[in-house]
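Note that ligands are numbered from 1 as they come in the structure, with each ligand's atoms numbered from 1 the same way.
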Amino acid sequence: MGVVRFFSLLILVLTLTACGPGPTEKKKETTQLLMGTLVTISTWGLSAAEDEKAVTAAFREMARVEALLSSHKPESAISRVNASPRGFPRKVDAEVLHVMREAMRFQELSGGAFDPGLRPLVRLWRFSETPPPVAPPSRDEVTAWLQARGGGVGVELTDGGMVLLNRGVGLDLGGIAKGYAIDRAVSVLREHGVKNAIVNAGGDMRVMGDKGGAPWRIGVQHPRNPDNAIAVVDLSGDIAMVTSGDYERYFVTKERRYHHVLNPGTGYPAESGLMSVSVQASTAMAADALSTAVFVMGPKRGLAFLKQAGAEGMLIDAQGRKVKTPGFREASE
Ligand code: ADP
Ligand code: MG
């Protein structure tokens with residue numbers, strides 16, 4: 001009896017030490033709906049309690065950023081600026097100014113392809129409305145917007161605030177805010193001592209560390225086949241990857257596809273010969289703005305622009321062909 005008990009105990013101890021907490025237990029995943037998309041935070045090697053504390057705080061931070069920067073939520077800081085009269089400076093808090101300053105830097109760097117002032121045009125196209133649009137605005141409406149908008153940046157930063165210069169301008173940080181929220185989530189995880197994690201907001205992500213020595217493996221969605229990956233990417237260390245595509249929010253009418261990345265120069269969805277652009281950069285905010293900008297710029301200008309910005313990219317052209325910068329990280333096998 002005693003021998004049997006000893007052996008069963010020995011086997012139990014051996015099993016526990018051999019497996020440790022198994023791989024499924026080492027990786028912990030939590031998903032929440034935020035910023036109109038499913039956000040998953042995965043951590044590696046934490047106890048359940050450590051994971052829960054850090055991840056809860058990270059999600060809370062993302063919800064805070066969304067409430068601050070969303071242009072759909074009427075109470076957000078951005079919506080309050082949009083509701084104010086044009087031509088008068090308006091105070092905004094330092095964090096909003098920080099994101100705006102970055103957005104305007106990318107606007108300048110991209111020669112206006114990235115534009116954080118497109119709210120009136122985005123409303124004309126109604127992409128973020130329910131039910132989603134089925135027809136484009138009339139050409140007259142788009143022309144009227146182009147005239148109201150005029151040239152130039154459209155926004156001026158003042159001491160502790162900003163001025164929207166005319167009715168054609170309104171803030172829409174949809175091309176950069178998700179990236180900023182991802183970066184903030186990563187900072188909060190880091191403050192909680194987390195070393196290995198991935199924050200993935202519907203395919204836009206930033207990674208920290210790895211999974212016990214193995215990189216985080218991520219599929220980039222095929223622009224025309226949602227069940228397939230067009231590329232598999234291995235990321236580790238501290239890096240972000242964000243994708244902009246014509247397949248996320250769009251409608252097709254009379255055999256034409258209208259999608260939600262707009263060309264500020266024409267007022268119409270960008271027709272740059274690309275179906276998607278994935279950018280790898282050190283922050284998700286930069287990768288987010290750059291992917292949107294390159295999507296508008298097209299392959300030729302876009303690749304030069306990425307090089308100048310010190311980021312890496314993978315562009316999928318209209319024929320489904322990949323064009324990559326030399327340093328774009330993909331899985332080796
Ligand atoms: P996603 O929202 O799928 O992450 P993007 O990062 O490319 O995609 O951002 C698209 C959103 O950014 C649009 O829904 C709109 O709110 C805004 N936007 C559209 N065109 C531009 C542009 N040229 N520059 C900056 N923001 C844009
Ligand atoms: Mg973007």
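In summary, an N, O or S atom of Thr292 is located under 2.8 Å from the Mg ion (ligand 2). At a cut-off of 2.8 Å, Gly174 does not coordinate the Mg ion (ligand 2) through any N, O or S atom.
Test Phe251, Tyr250, Tyr258 against Phe127 for ring pair (Phe, Tyr, Trp, His ring centres under 6.0 Å) and you get one pass: Phe251.
Using a 4.0 Å cut-off between a side-chain N of Lys or Arg and a carboxylate O of Asp or Glu, Glu108 and Arg105 do not qualify as a salt bridge.
Remark: distances from the non-hydrogen atoms of Phe127 to ligand 1 are all 4.0 Å or more.
At a heavy-atom cutoff of 4.0 Å, ligand 1 is contacted by no atom of Asn263, backbone or side chain. In Ala293, neither the side chain nor the backbone holds a heavy atom less than 4.0 Å from any atom of ligand 1. Neither the backbone nor the side chain of Val242 comes within contact range of ligand 1; no heavy atom lies under 4.0 Å.
Counting atoms of ligand 1 from 1 in the listed order, those under 4.0 Å from a heavy atom of Asp204 are 4 (O). Residue Leu118 approaches ligand 1 through these ligand atoms, each under 4.0 Å from one of its heavy atoms: 20 (N), 21 (C), 22 (C), 23 (N). Using a 4.0 Å cut-off to heavy atoms of Gly174, the atoms of ligand 1 that qualify are 2 (O), 6 (O), 9 (O), 11 (C), 12 (O), 16 (O). Below 4.0 Å from some heavy atom of Ser244 lie the following atoms of ligand 1, by number and element: 5 (P), 6 (O), 7 (O). Under a 4.0 Å criterion applied to the non-hydrogen atoms of Ala113, ligand 1 contributes the atoms 22 (C), 23 (N), 24 (N). Using a 4.0 Å cut-off to heavy atoms of Val296, the atoms of ligand 1 that qualify are 23 (N).
Summary: OD1 is the N/O/S atom of Asp288 found nearest to the Mg ion (ligand 2).
Side-chain atoms of Met241 and Val279, non-hydrogen and from C-beta on, never get closer than 4.5 Å to each other. Between Val233 and Val220 there is a side-chain heavy-atom pair separated by less than 4.5 Å. Phe114 has its side chain within reach of Pro116: a pair of non-hydrogen atoms, C-beta onward, lies under 4.5 Å apart. Considering only heavy atoms from C-beta on, Arg149 comes within 4.5 Å of Asp115 through its side chain.
Considering both main-chain and side-chain atoms, Gly175 comes within under 3.5 Å of ligand 1 through a nitrogen or oxygen pair. Residue-to-ligand polar distances keep Val261 apart from ligand 1: every N/O pair is separated by 3.5 Å or more. At under 3.5 Å, a nitrogen or oxygen of Lys178, whether backbone or side chain, sits near a nitrogen or oxygen of ligand 1. The shortest N or O to N or O distance between Thr292 and ligand 1 is under 3.5 Å.
Of the protein's heavy atoms, His260 CE1, 3.4 Å lies nearest to atom 8 (O) of ligand 1. Ranking the protein heavy atoms by distance from atom 16 (O) of ligand 1 puts Asp172 OD1, 2.9 Å first. Among protein heavy atoms, atom 26 (N) of ligand 1 sits closest to Asp115 O, 3.6 Å. Looking only at heavy atoms of the protein, atom 6 (O) of ligand 1 is closest to Asp288 OD1, 2.9 Å.
Rounding to the nearest 0.5 Å gives a distance of 4.5 Å between CG of Asn82 and CG of Leu171. A distance of 10.5 Å separates CG in Leu290 from CE in Met285, rounded to the nearest 0.5 Å.
In the displayed structure, Glu330 atom CD is contacted under 6.0 Å by more than 12 heavy atoms of other residues, nucleotides or ligands. Around atom CD of Glu75, no more than 12 heavy atoms belonging to other residues, nucleotides or ligands sit under 6.0 Å away.
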- [ ] Would you please test Glu271 and Arg257 for salt bridge (Lys or Arg N to Asp or Glu O under 4.0 Å) and show each step?
- [x] CA-CA 10 Å; Glu271 290 181 283; Arg257 172 185 286 256; over 6 Å; no
Open item on the list: Asn200 vs Thr40, test: side chain to side chain donor-acceptor pair (under 3.5 Å). Steps then yes/no.
Closed with: CA-CA 5 Å; Asn200 185 339; Thr40 299; over 6 Å; no
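The option from Val277, Asp246, Leu262 that lies nearest to atom 23 (N) of ligand 1, judged by heavy atoms, is Leu262. Residue nearest to atom 2 (O) of ligand 1, selected from Met297, Arg249, Glu248: Arg249 (by heavy-atom distance).
Nearest heavy atom pair, residue Lys322 against residue Ile316, reads CG-CD1, 3.6 Å.
Hydrophobic clustering keeps Val294 apart from Val242 (ILVMFWY residues linked when any side-chain heavy atoms are closer than 4.5 Å, directly or through intermediates).
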